[in-house]
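Hydrogens, waters and symmetry mates play no part in the numbers below; they use all other heavy atoms, side chains included. All ligand and atom numbering here is 1-based and tracks the order in the structure. Throughout, numbering of the chain's residues begins at 1 and tracks the sequence. The shown structure was predicted, so the numbers you read here are calculated from the model rather than taken from an experiment.
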Amino acid sequence: MADAGSISLKTTNPKKRAARIADHMSEPIIIETQSHVGIVTLNRPDVLNALSLDLMTKLVDALEAFDDDKNIHVIVISGSEKVWAAGADIKDMANASVIDMYERNQFARWERIKRIRKPIIAAVSGYALGGGCELAMHCDVIIASETAKFGQPEINIGVIPGAGGTQRLTRAIGKFRAMDMVLTGRFITAHEAHRFGLVSRVVPKENFRESALKLAHEMAARAPIALRLAKEAVLKAAETSLSEGLEYERKLFYMLFATEDQKEGMAAFLEKRKADYRGR
Ligand code: DAK
């Protein structure tokens, strides 16, 4: 996987250097880290970051690598200022048979995103369409630039959303707004999406990425185990009854009293100092 932090350009040969940069730039994702934040940037500008099988495989591998890395507390997935992702790669699917789709078993990759335990922030600018909108909805917080446009336009190409769009969108914005979008394929603006409850915050396009990173660093300064359990508890709300959810929350709450970070967090509050969390 491409790692912007580890790409080696240490060569005096200009041709080799150019070739290494070109190789790096042609990777469908770019991976970086900033202290406790892992960043994956979608990088297929020629096709508006269409989510090819290769991109999805590398994205999911990168998310799992960050999830396993003790030093990373929060993950950011970003697009460019122009586009987050215009959907799954239509070229990959156009001539596929049912058996091809079955054998590719793409659902398995998307299911793996669902199992990432650390919070994921989507930094969305420009189009978030089809699988792109669904990818954003697999994240836990969506920071949208004012130019972001969300849509499930699959109906325009003879299909329906295939990575949870009909379910997650409906849960996020309600049946009637979801029907309006899914049955017509219309795009909604960042401000509409915010009003509907699909995005967490709308920010100026010039610094949408910095806004998402700032938020990621704020979260990453919190106790890492509490962060993961908080995500787990909130996600549980979509899958269970209120009383089962409350019971689940209570168990996770008790569980945190087994961590050193709970003792440290409460002691730091009482001693009026900054907590020094260790993730234990
Ligand atoms: N796939 C492949 N190429 C795409 C693409 C896409 N989704 N979107 C754009 N491109 C390519 C265009 O073909 C064009 O390539 P060239 O012609 O230059 O070679 C280039 O990107 C620039 O696009 P446009 O020329 O069209 O740019 P415009 O600014 O005029 O229009 C647009 C931007 C976003 C309105 C337009 O490109 C557009 O409508 N794109 C398609 C949007 C769309 O229909 N998205 C939904 C795709 S279906 C599943 C998981 C997920 C999915 C399915 C199953 N499983 C787990 C099984 C998801 C399905 C989808 O997302």
Side-chain angles (χ1 to χ4, degrees), residues 25-29 40-64 77-116 120 122-139 142 144-173 178-190 192-193 198-199 205 208 238:
M25 294 311 288
S26 68
E27 282 291 330
I29 59 167
V40 185
T41 304
L42 309 176
N43 185 42
R44 298 187 74 212
D46 295 347
V47 286
L48 308 184
N49 289 341
L51 305 170
S52 60
L53 296 173
D54 181 39
L55 183 152
M56 285 306 295
T57 303
K58 288 178 172 155
L59 171 65
V60 175
D61 286 349
L63 296 177
E64 287 180 344
I77 305 178
S78 180
S80 65
E81 187 183 299
K82 187 176 168 215
V83 64
W84 160 262
D89 194 321
I90 298 171
K91 277 196 198 117
D92 277 352
M93 290 182 293
N95 295 314
S97 67
V98 177
I99 301 300
D100 293 334
M101 294 303 277
Y102 178 75
E103 293 291 339
R104 284 176 196 169
N105 193 18
Q106 286 188 62
F107 295 103
R109 288 186 192 85
W110 291 81
E111 279 293 312
R112 281 162 61 197
I113 304 179
K114 202 178 128 193
R115 287 198 291 272
I116 299 294
I120 308 177
V124 179
S125 187
Y127 293 114
L129 305 177
C133 188
E134 290 166 317
L135 177 62
M137 289 191 289
H138 274 70
C139 299
I142 302 179
S145 96
E146 293 155 328
T147 63
K149 285 196 173 61
F150 296 83
Q152 296 289 165
E154 290 88 343
I155 201 77
N156 296 333
I157 52 171
V159 288
I160 66 169
T166 61
Q167 304 305 300
R168 288 196 177 85
L169 188 67
T170 305
R171 280 170 170 74
I173 70 177
M179 286 287 189
D180 182 17
M181 289 175 68
V182 171
L183 300 182
T184 66
R186 88 172 177 98
F187 304 163
I188 58 170
T189 63
E192 274 180 293
L198 180 60
V199 311
K205 79 167 173 177
F208 79 100

Exercise. Return the minimal non-hydrogen interatomic distance between Pro161 and Val182, and the atom names on each side.
Key: CD-CG1, 4.1 Å
Quiz item: How close does the nearest protein non-hydrogen atom get to atom 57 (C) of ligand 1, and which residue and atom is it?
Solution: Phe107 CZ, 3.5 Å
Practice problem: Flag the pair Leu198 / Leu169 as yes when at least one side-chain heavy-atom distance between them is below 4.5 Å, and no otherwise. | Solution: yes
Quiz item: Is there any N or O on Gly130 that sits under 3.5 Å from an N or O of ligand 1?
Solution: no
Quiz item: What distance do Arg115 atom CZ and Leu63 atom CG have between them, rounded to the nearest 0.5 Å?
Solution: 12.5 Å
Quiz item: Is atom 16 (P) of ligand 1 close to the protein, meaning a heavy atom under 4.0 Å from it?
Solution: no
Quiz item: Do the non-hydrogen side-chain atoms of Ile29 and Leu42 ever get within less than 4.5 Å of each other?
Solution: yes
Quiz item: Less than 4.5 Å apart, any side-chain heavy atom of Arg104 and any of Met56?
Solution: no
Quiz item: Do you see a protein non-hydrogen atom under 4.0 Å from atom 39 (O) of ligand 1?
Solution: no
Quiz item: Do any N or O atoms from the side chain of Trp84 and from the backbone of Ala148 form a donor-acceptor pair under 3.5 angstrom?
Solution: no
Exercise. Report yes if Leu129 has an N/O atom closer than 3.5 Å to an N/O atom of ligand 1; otherwise report no.
Key: no
Self-check item: Rounded distance [0.5 Å steps], CE in Met181 versus CZ in Phe150
Solution: 9.0 Å
Quiz item: Just by distance, do the side chain of Arg44 and the backbone of Pro28 share a donor-acceptor pair under 3.5 Å?
Solution: no
Practice problem: Kindly say whether Glu27 contributes a backbone atom to a donor-acceptor pair with the side chain of Asn43 at under 3.5 angstrom? | Solution: yes
Self-check item: Which of the ligand 1 atoms, numbered from 1, are nearer than 4.0 Å to a heavy atom of Pro153
Solution: 43 (C), 44 (O), 45 (N)
Quiz item: So which heavy atom in the protein is nearest atom 19 (O) of ligand 1, and how far is it from that ligand atom?
Solution: Lys91 NZ, 4.7 Å
Quiz prompt | His138 and Ile116, any side-chain heavy atoms less than 4.5 Å apart | solution = no
Self-check item: Straight-line distance of Ser125 OG to Lys149 NZ, nearest 0.5 Å
Solution: 10.0 Å
Exercise. Could you list which atoms of ligand 1 come closer than 4.0 Å to a heavy atom of Gly131?
Key: 58 (C), 60 (C), 61 (O)
Quiz item: Relative to ligand 1, is Ala86 under 4.0 angstrom through side chain, backbone, both or neither, heavy atoms considered?
Solution: both
Quiz item: Numbering the atoms of ligand 1 from 1, which are under 4.0 Å from a heavy atom of Asp46?
Solution: 20 (C), 21 (O)
Quiz item: Which ligand 1 atoms does Gly87 reach within 4.0 Å, using its non-hydrogen atoms?
Solution: 61 (O)
Quiz item: For atom 2 (C) of ligand 1, what's the nearest protein heavy atom and its distance?
Solution: Asp89 OD1, 3.3 Å
Quiz item: Quick one: does atom 7 (N) of ligand 1 have a protein heavy atom under 4.0 Å from it?
Solution: yes
Quiz prompt | Distance in Å, Ile157 CD1 paired with Met93 CE, rounded so as to fall on 0.5 Å steps | solution = 5.5 Å
Quiz item: Does the protein put any heavy atom within less than 4.0 Å of atom 31 (O) of ligand 1?
Solution: no
Quiz prompt | ligand 1 N/O within reach of Met101 N/O, cut-off under 3.5 Å | solution = no
Quiz item: What do you think, any protein heavy atom under 4.0 angstrom from atom 24 (P) of ligand 1?
Solution: no
Quiz prompt | For atom 50 (C) of ligand 1, the protein heavy atom that lies nearest, with its residue and separation | solution = Ala163 CB, 3.5 Å
Self-check item: N/O donor-acceptor pair under 3.5 Å between Gln167 side chain and Gly164 backbone
Solution: no
Quiz item: For Gly165, does its backbone N or O pair with a side-chain atom of Glu134 as donor and acceptor, under 3.5 Å?
Solution: yes
Quiz item: Side chain, backbone, both or neither: which part of Trp110 has a heavy atom under 4.0 Å from ligand 1?
Solution: side chain
Quiz prompt | Sub-4.0 Å protein heavy atom near atom 61 (O) of ligand 1 | solution = yes
Quiz item: For atom 12 (C) of ligand 1, is some protein heavy-atom partner under 4.0 Å away?
Solution: no
Quiz item: Out of Ser52, Gly185, Gly162, whose heavy atom is nearest to atom 49 (C) of ligand 1?
Solution: Gly162
Quiz item: By number and element, which atoms of ligand 1 are closer than 4.0 Å to a non-hydrogen atom of Ala50?
Solution: 1 (N), 2 (C), 6 (C)
Quiz item: So which protein heavy atom does atom 48 (S) of ligand 1 come closest to, and at what separation?
Solution: Ile157 CD1, 3.7 Å
Quiz prompt | Check: Ser97 main-chain N/O paired with Asp100 side-chain donor or acceptor under 3.5 Å | solution = yes
Quiz item: Of the protein's non-hydrogen atoms, which lies at the shortest distance from atom 52 (C) of ligand 1, and what is that distance?
Solution: Ala88 CB, 3.8 Å
Quiz item: Which residue holds the protein heavy atom closest to atom 28 (P) of ligand 1, what is that atom called, and what is the gap in Å?
Solution: Leu48 CD1, 4.8 Å
Quiz item: Starting from atom 4 (C) of ligand 1, which protein heavy atom do you reach first, and at what distance in Å?
Solution: Val47 O, 3.9 Å
